[in-house]
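Below is one structure; the comments refer to it alone.
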Amino acid sequence: QVQLAESGGGLVQAGDSLRLSCAASGRTFSSVRMGWFRQAPGKEREFVATISRSGGSTYYDDSVKGRFTISRDNAKNTVSLGMNMLKPEDTAVYYCAGTQGYGTLQAVKDYDYWGQGTQVTVSS
(Lines give C-alpha, C1' and ligand atoms only; values in the text may rest on other atoms or scores of the structure.)
Protein backbone atom coordinates (compact mmCIF):
# COMPACT_ATOMS: atom_id res chain seq x y z
CA GLN A 1 0.00 0.00 0.00
CA VAL A 2 1.01 3.58 -0.66
CA GLN A 3 -0.51 6.52 1.14
CA LEU A 4 -0.54 9.83 -0.72
CA ALA A 5 -1.18 13.35 0.52
CA GLU A 6 -1.33 16.41 -1.74
CA SER A 7 -0.64 20.00 -0.79
CA GLY A 8 -0.10 23.35 -2.45
CA GLY A 9 -3.46 24.14 -3.96
CA GLY A 10 -5.05 27.57 -3.75
CA LEU A 11 -6.70 30.49 -5.48
CA VAL A 12 -4.67 32.26 -8.16
CA GLN A 13 -5.25 34.55 -11.11
CA ALA A 14 -4.99 33.61 -14.75
CA GLY A 15 -1.37 33.64 -15.86
CA ASP A 16 -0.03 32.86 -12.40
CA SER A 17 2.01 29.85 -11.35
CA LEU A 18 1.44 27.23 -8.66
CA ARG A 19 3.30 24.16 -7.47
CA LEU A 20 1.56 21.09 -6.09
CA SER A 21 3.34 18.52 -3.98
CA CYS A 22 2.45 14.97 -3.03
CA ALA A 23 4.06 13.14 -0.13
CA ALA A 24 4.08 9.34 -0.23
CA SER A 25 4.47 6.79 2.53
CA GLY A 26 4.24 3.02 2.73
CA ARG A 27 5.50 0.85 -0.10
CA THR A 28 8.84 1.74 -1.66
CA PHE A 29 8.12 4.94 -3.53
CA SER A 30 10.60 4.30 -6.30
CA SER A 31 8.74 1.12 -7.30
CA VAL A 32 5.59 3.07 -8.16
CA ARG A 33 4.84 5.07 -11.32
CA MET A 34 3.21 8.34 -10.35
CA GLY A 35 0.69 10.59 -12.01
CA TRP A 36 -1.50 13.65 -11.55
CA PHE A 37 -5.19 13.81 -12.41
CA ARG A 38 -7.80 16.53 -12.02
CA GLN A 39 -11.55 16.74 -11.71
CA ALA A 40 -13.59 19.84 -12.44
CA PRO A 41 -17.13 20.27 -11.09
CA GLY A 42 -19.59 18.14 -13.03
CA LYS A 43 -16.86 16.45 -15.06
CA GLU A 44 -15.07 13.15 -14.95
CA ARG A 45 -11.60 12.83 -13.48
CA GLU A 46 -9.02 13.33 -16.22
CA PHE A 47 -5.36 12.60 -16.77
CA VAL A 48 -2.83 15.43 -16.46
CA ALA A 49 0.66 13.95 -16.36
CA THR A 50 2.65 10.87 -15.44
CA ILE A 51 6.28 10.17 -14.57
CA SER A 52 8.28 6.96 -14.65
CA ARG A 53 9.75 5.28 -11.60
CA SER A 54 13.19 6.77 -12.16
CA GLY A 55 11.82 10.16 -13.17
CA GLY A 56 13.53 9.93 -16.52
CA SER A 57 10.35 9.76 -18.59
CA THR A 58 7.31 12.02 -18.46
CA TYR A 59 4.10 12.31 -20.43
CA TYR A 60 1.47 15.05 -20.49
CA ASP A 61 -2.03 15.61 -21.69
CA ASP A 62 -2.08 18.02 -24.62
CA SER A 63 -4.07 20.55 -22.59
CA VAL A 64 -1.16 21.14 -20.20
CA LYS A 65 1.87 20.35 -22.36
CA GLY A 66 4.38 23.18 -22.25
CA ARG A 67 2.78 24.73 -19.15
CA PHE A 68 2.96 21.97 -16.51
CA THR A 69 5.97 19.99 -15.32
CA ILE A 70 5.85 16.77 -13.33
CA SER A 71 8.88 15.75 -11.29
CA ARG A 72 9.74 13.38 -8.46
CA ASP A 73 12.34 13.02 -5.73
CA ASN A 74 12.70 9.37 -4.75
CA ALA A 75 14.97 10.26 -1.85
CA LYS A 76 12.22 12.41 -0.32
CA ASN A 77 9.26 10.28 -1.47
CA THR A 78 7.63 13.20 -3.20
CA VAL A 79 6.16 14.01 -6.60
CA SER A 80 5.40 17.54 -7.72
CA LEU A 81 3.44 19.32 -10.41
CA GLY A 82 4.66 22.75 -11.45
CA MET A 83 1.94 24.72 -13.17
CA ASN A 84 2.65 27.87 -15.18
CA MET A 85 0.44 30.17 -17.25
CA LEU A 86 -2.62 28.92 -15.44
CA LYS A 87 -6.00 29.33 -17.12
CA PRO A 88 -9.52 29.39 -15.64
CA GLU A 89 -10.13 26.02 -17.31
CA ASP A 90 -7.39 24.53 -15.12
CA THR A 91 -9.70 24.99 -12.13
CA ALA A 92 -10.25 21.57 -10.55
CA VAL A 93 -9.43 19.31 -7.67
CA TYR A 94 -5.99 17.85 -8.40
CA TYR A 95 -5.18 14.30 -7.35
CA CYS A 96 -1.87 12.56 -6.96
CA ALA A 97 -1.97 8.89 -7.97
CA GLY A 98 0.32 5.87 -8.06
CA THR A 99 0.32 2.66 -10.04
CA GLN A 100 2.16 -0.64 -10.11
CA GLY A 101 1.57 -0.75 -13.85
CA TYR A 102 3.94 0.04 -16.69
CA GLY A 103 3.80 2.40 -19.62
CA THR A 104 2.37 5.89 -20.03
CA LEU A 105 -0.81 5.00 -18.20
CA GLN A 106 -3.52 7.64 -18.52
CA ALA A 107 -6.73 5.99 -17.34
CA VAL A 108 -8.12 6.40 -13.84
CA LYS A 109 -8.66 2.63 -13.64
CA ASP A 110 -4.95 2.01 -14.19
CA TYR A 111 -3.97 3.68 -10.91
CA ASP A 112 -3.98 1.83 -7.61
CA TYR A 113 -3.35 4.57 -5.05
CA TRP A 114 -4.96 8.00 -4.68
CA GLY A 115 -4.58 11.05 -2.51
CA GLN A 116 -7.47 13.07 -1.13
CA GLY A 117 -7.03 15.91 -3.63
CA THR A 118 -6.19 19.60 -3.42
CA GLN A 119 -8.29 22.41 -4.87
CA VAL A 120 -6.85 24.72 -7.52
CA THR A 121 -8.97 27.69 -8.53
CA VAL A 122 -7.89 30.05 -11.30
CA SER A 123 -9.80 33.30 -11.59
CA SER A 124 -10.02 35.27 -14.83
List the residues meeting side chain to side chain contact (heavy atoms under 4.5 Å, CB included) with Arg19, not counting sequence neighbours, and say none if there are none. Ser71, Ser80
In Å and rounded to the nearest 0.5 Å, what is the CD to OG distance from Gln13 to Ser123? 5.0 Å
Is any side-chain heavy atom of Met83 less than 4.5 Å from a side-chain heavy atom of Leu20? yes
Would the number of heavy atoms belonging to other residues, nucleotides or ligands and lying under 6.0 Å from CD of Glu46 be above 12? yes
Check whether Gln116 reaches the backbone of Ala5 with its side chain - one donor and one acceptor, N or O, closer than 3.5 Å. no
Any sub-3.5 Å donor-acceptor pair from Thr121's side-chain atoms to Leu11's backbone N or O? no
Restricting to non-hydrogen atoms, name the atom on Gln106 and the atom on Phe37 that form the minimum distance, rounded to 0.1 Å. O-CE2, 3.5 Å
Residues Gln3 and Gln1: closest non-hydrogen pair is NE2-CB, 3.6 Å
Thr78 vs Asp73, side chain to side chain donor-acceptor pair (under 3.5 Å): CA-CA, chis, key distance, verdict: CA-CA 5 Å; Thr78 59; Asp73 186 335; 5.0 Å; no
By side chain to side chain contact (heavy atoms under 4.5 Å, CB included), which residues pair with Val93, not counting sequence neighbours? Tyr95, Gln119
Here the pair of heavy atoms bringing Ala40 nearest to Thr91 is CB-O, 3.7 Å
Do you know which of Thr50, Thr99, Asp112 makes side-chain hydrogen bond (donor to acceptor under 3.5 Å, both in side chains) with Arg33? Thr50
Looking at every heavy atom in both Tyr111 and Leu105, which two are closest together, and how far apart are they? OH-O, 2.7 Å
Step by step, would you call Val122 with Lys87 a side chain to side chain contact (heavy atoms under 4.5 Å, CB included)? CA-CA 6 Å; Val122 184; Lys87 306 174 182 180; 5.5 Å; no
Please report the interatomic distance CG(Asn77) to OG(Ser25), rounded to the nearest 0.5 Å. 8.0 Å
Answer yes or no on whether Arg53 is positioned over the face of Phe29, meaning its NZ or CZ is under 6.0 Å from the six-membered ring centre and within 45° of the axis. no
Of all the heavy-atom pairs spanning Ala49 and Tyr60, show the shortest one and how long it is. CB-CD2, 3.5 Å
Kindly indicate whether the side chain of Ile51, heavy atoms from C-beta on, has any atom under 4.5 Å from the side chain of Val79. yes
Exam field: side chain Ser54 to backbone Gly56, donor-acceptor pair closer than 3.5 Å: yes
In the single-linkage hydrophobic clustering (I, L, V, M, F, W, Y; side-chain heavy atoms under 4.5 Å), do Phe47 and Tyr94 co-cluster? no
Phe68 and Val48, any side-chain heavy atoms less than 4.5 Å apart: yes
Hits for side-chain hydrogen bond (donor to acceptor under 3.5 Å, both in side chains) against Asp90, two or more places apart or cross-chain, chain-then-number order -> Arg38, Arg67
Is there a side-chain contact between Cys96 and Trp114 (heavy atoms, below 4.5 Å)? no
The reported gap from CE in Met34 to CG in Asn74 (rounded to nearest 0.5 angstrom) is 10.0 Å
If you count every heavy atom of other residues, nucleotides or ligands that lies below 6.0 Å from Lys109 atom NZ, does the total exceed 12? no
Which value, rounded to the nearest 0.5 Å, describes the distance between Cys22 atom SG and Arg72 atom CZ? 10.0 Å
Enter the distance from Met85:CE to Ser17:OG here, rounded to the nearest 0.5 Å. 8.0 Å
Please report the closest heavy-atom contact between Ala14 and Ser124, naming both atoms and the distance. CB-CA, 4.3 Å
Is there a side-chain contact between Leu81 and Thr69, using heavy atoms and a 4.5 Å cut-off? no
